[in-house]
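Side-chain atoms are counted along with the backbone in the values below, which use heavy atoms only and exclude waters and symmetry mates. Both counts, for ligands and for their atoms, begin at 1 and track the order of listing. Numbers here are sequence positions counted from 1.
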Amino acid sequence: MALNTISYSEKVNVTNCDREPIHIIARAQAHGVILVCNKNTFKITQGSDNIKDILGFELEEVLSDSLSKVIPAEQLQKLQQKVINNETLLPEEICLNNSRFLLIPHLSGENLIIDFEPFGESIDPLLFQEQLTKILSELGDSGSIEEMCQQAVSLVKYLFDYDRVMMYRFDEEWNGEVVAEVKETGMESWLGLHYPATDIPKPAREIFMKQGVRIISDVNYRPAAIQPELSPINNKPLDISGSELRGVSPIHIEYLQNMEVGASLTAAVILNGKLWGLLACHHNTPKFINYHKRQSCKFLTQVFSNKLALRTTSVFLKKLKKSEKVRKELVLQMNSMANISDALVKYKPRFTDLIDSTGGAVYRKGKLYLTGKTPSEEEVINLLLNFLNDRDEKIFQTKSLTKLYPEGDDFKDKASGILSIRIGQEKQDYLIWFRAEASESVSWGGNPEKNAYIKDGVEYLSPRKSFEIWTEKVSGVAKAWEAYDLEAAQNLQESITHVVVKKQKDEINELNKNLSEANAELETFSYSVSHDLRAPLRGIDGYARILLDNYAGKLDNYGQNALKTIMSSAEKMEELIEDILSYSKVGQTSRVQQVFSLETLVEEIIASQNLKSQFPGTTVKIENLPKITGDRRMIKQLMANLIENAFKYSSATENPRVIIGCKSEAEGNLYYVSDNGIGFDPKHKDKIFDVFSRIATEEYSGTGVGLAIAKRVVEKHEGSIWVETEPGRGSSFYFTLKEEEL
Ligand code: ADP
C-alpha cells in the first residue's frame, strides 16, 4: 500500500522512523485553525476541530459551505483573484471573532490550505528594520565556522529570547552535533553533544528543507484533528507539509517531553542545496512567536547560510591553493624522473603532502611503494585485490573502512580512513591515502542505540527517554575526508594521467626517431652495397662474354652451358641491383613537383619497354588519363611497374587485356591499372607490396621489388595503393595521390 493513499493514523506507529508520514498527519497545533477548501470552487472541504474555540464557527456548519462564510467578502475576493491568476499567496491580517489573526494561505494539489494564526504582538516596522540590519551587520563571515555559529545563536537568543538556542550540525550520516549554544544560567550545557540521525528523521529533514522555519508553541498541546481526515476532493490524505500549523509527530512530542522542552523553534541552515544544520531554540514553557518574527528568524538563517557558503568556499579555495602548489611540484618531479612512483613517494614533496593523511601507498606496474604510517605490504595488496579492485569508482573514500571491509579491523590504527584514486590504464594501479583511527570518544545526548525496538521483526520508533551524557569510544573511524581533499585527489589523478600519456608519447617519439635513423642508415648501406656490386658484376659478365666469344671452342658442352648460366645469373643480378637501387632512390630523394600528362607518360612507357612487340596479343586501353601534379620520374616508375606487371601476368590468358585509366571521385582522382590475367589469392593483398615478396611462380620472371617501389612512390605523394584481385580473373591496382596545386 502506498503511503499517500493511507491516512496518518493508520500508519503512525510505523516501523521505520525514516518513513513516518508526518506530511499527512491530519492534525493542527492548538494555537491556530487550519481550513481547507477546493481551490477551484472555494468550498470548504476540511477543517481543524478547534475552529469553534478559536474562530467561533461550528465545523459542521462551515464544511461544504463557501469560504465566504468565514472570510469577509472583500478579502475573499482578493484571495480568489490571486489563486485564479496563479500569483504568490501572501499572508494577510484578518479580524475574526473579535481577534486579530494572520491568514496564511498556500496550495497543496487541488486544495487551498489556510492557516489562521494568532496575530501576536505587532512589530513596529522601524524595529523590524532595525532587527534586519542587526542581523546583516552582526553576522560575520570571518573566524572559524564554530565562531560564526556562536555569533548566530547569540543573535537569535537576543532577538527571540528562547531559553536555549543551539546550532546543530549534521555529519554525513545525519547524526547531529551541537556546535554552538547560548542558554539561561542554571541549565545544563549540551554543547558538543551528539544526537543520532533517528532524532531528526528523513521526513522531518525534508520538510525543514521546504519550509525553513518550524514552530511548536506548546509541546504539551492538545492536537486539533482535521476533519474529515481524507480530502473529499480526491479521497486521499491531505499533504499539510506546507502549513505553519501542521501538528507534530506524537513521537517527536514525546521526545521533546522527555527532554523537558516546553516549546521549540527550528530553522534550517541550508548549504549548497543540502541541509547543513538546524538552528534549534528550546523554551522551558510554552512560547509563541508570530509569523513576522519567524520570518526574520528565517531571514537570519538565510543570511547565515550565505555567509557560511562564503566561508566554506574560502576555506575550500585556500586548501586547494595549498594543495595545488604541492601538485605542481609533484608534476615537475614526475616529469623529470624516469619512474613516476619514485617521484610520488621517494622525494619531497611526497603525494601524501597533498592531502592531510597519515600515510600512503602507490601501486603501479605490479610494484608497491609505501610511505608514512601504513598497513603492511601484504595487507595493502589484499586491500587492493579483495576490495578496491571490485569497486567501479575512479575515486573512492571512506572514513570507516572496517564497515565495508571487515579485514580492515587489523590495521584500523593505521588506516581507518582511505582515499584512493585509480592511476593509469591498468585496473589495479592505485594511489591511496590513509588516515589513522581518530582516537576520540563521542559524547552522545543519551545512548543512541536505544531509540528503536524490535517487535515481531518490525523496527518501532521509541523516542529516547534518557538524555544523560553517554560517551562512546569511537572505533575504526578516521577524520572524514573533505570536499577539498577529494578535489585535490582528483586533480592529482588528472595530472598523473597527463604525465603518463606525455611520457608514453615521448617514448614513442624517441623510438620512432631511432627507428627512422636506423632505417636511413640501412637505406644508405643497401644503396652503397648495391652500387658497389655493379662494377664486379660487370666484370663477371664481361669476362664470361670474352670466354664465350674467344674460347668457346676449347670448352665442352658442359663448360659452355655453365658459362651461359653465369651470364644469365649476372643479368638477373643486375636487374635485382637496379631494382634495389631504384627502391632506395625513391626512399631517399624528395619529390619534385611538376604538372604533366599522364597519358603521354603511359605511352612513353609502353613504347620504351617495347610492350606492344613483347606482348603482341594484348589489347591496351587508355581511359581518361588527365594531367597530373607530382614527381614525373617517380610516377613513371610507379606506372611502369604496374603496367609491366599487367602485361606480364596476363600474357598467358586468352585475349589478354590491359586497361589504364582514371576515375574522378569526390575525394579526388582514382587511378587504376587492370588486367584479365592470372590474379592471385586476395589474402596476399597487402604482402605483395613488401620488398622481395613474390607469389607468382618461376615461369614469370621478376624480382619482387616492383610493387614495393610503387608503394613508396604513392606514399611519397601522400596517397594510398591497393589491389582487387581474384585467382584466374585478373587484378586491378588502384592508387590515389595528393595532388597539390603548383
Ligand atoms: P615481380 O617482379 O615479381 O613482378 P612485384 O613487386 O611487381 O614483383 O609484384 C609482386 C608480386 O605480386 C608478383 O610476384 C606477383 O605474384 C604479384 N603481382 C603483381 N602484379 C600482378 C598482376 N597484375 N597480376 C597478378 N599478380 C601480380
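- Here the heavy atom of the protein found nearest to atom 6 (O) of ligand 1 is L707 N, 2.8 Å.
- Looking at R391 and E393, a side-chain N of the basic residue comes within less than 4.0 Å of a carboxylate O on the acidic one, giving a salt bridge.
- Those atoms of ligand 1 that come under 4.0 Å of a heavy atom in K648, given as number and element, are 1 (P), 2 (O), 4 (O).
- Within the 4.0 Å heavy-atom shell around ligand 1 one does not find E644.
- Enclosure of atom CZ in F316 by more than 12 non-hydrogen atoms of other residues, nucleotides or ligands within 6.0 angstrom is indicated.
- Distance from atom 3 (O) of ligand 1 to its nearest protein heavy atom, with residue and atom name: R694 NE, 2.4 Å.
- Using a cutoff of 4.0 Å between basic side-chain nitrogens and carboxylate oxygens, R591 and E718 are scored as salt-bridged.
- Summary of contacts: the protein heavy atom closest to atom 19 (C) of ligand 1 is N645 ND2, 3.5 Å.
- Looking at atom 23 (N) of ligand 1, its nearest protein heavy atom turns out to be D675 OD2, 2.9 Å.
- Look at Y700 and you'll find every heavy atom at least 4.0 Å from all atoms of ligand 1.
- Ligand-side atoms of ligand 1 in range of V705: 6 (O), 8 (O), range being under 4.0 angstrom from any heavy atom.
- Summarising the local packing, CD of E698 is surrounded by 12 or fewer heavy atoms from other residues, nucleotides or ligands at distances under 6.0 Å.
- For S693, every heavy-atom contact with ligand 1 shorter than 4.0 Å involves the backbone, none the side chain.
- Ion pairing between D342 and K346 holds under the 4.0 Å rule for side-chain N and carboxylate O.
- The closest heavy-atom contact to atom 15 (C) of ligand 1, among the options F733, F680, Y649, comes from Y649.
- Aromatic ring centroids of Y369 and F351 lie 6.0 Å or more apart.
- In T725, neither the side chain nor the backbone holds a heavy atom less than 4.0 Å from any atom of ligand 1.
- At under 3.5 Å, a nitrogen or oxygen of G704, whether backbone or side chain, sits near a nitrogen or oxygen of ligand 1.
- Residue contacts with ligand 1: G706 is placed with a nitrogen or oxygen under 3.5 Å of a nitrogen or oxygen of the ligand (distance criterion only).
- Ion pairing between D485 and R435 holds under the 4.0 Å rule for side-chain N and carboxylate O.
- Ion pairing between K412 and D409 holds under the 4.0 Å rule for side-chain N and carboxylate O.
- Considering backbone and side-chain N/O of I695, one or more are found under 3.5 Å from N/O of ligand 1.
- Every heavy atom of G677 sits 4.0 Å or more from the atoms of ligand 1.
- Within the set A696, A646, S674, G679, the minimum heavy-atom distance to atom 16 (O) of ligand 1 is found for A696.
- Relative orientation of the F411 and Y405 rings is tilted, given thresholds of 30° and 60° on the angle between their planes.
- The aromatic ring centroids of Y363 and Y430 lie 6.0 Å or more from each other.
- The single protein non-hydrogen atom nearest to atom 17 (C) of ligand 1 is I688 CG2, 4.2 Å, given as residue, atom name and distance.
- For the pair R712 and Y583, the cation sits on the ring face: its NZ or CZ lies under 6.0 Å from the ring centre, inside 45° of the axis.
- Heavy-atom distances between N641 and ligand 1 stay at or above 4.0 Å for every pair.
- In this structure, E604 pairs ionically with K636, as a charged nitrogen and a carboxylate oxygen lie closer than 4.0 Å.
- Of the polar atoms of S701, none of the N or O atoms is found under 3.5 Å from an N or O of ligand 1, judged by distance alone.
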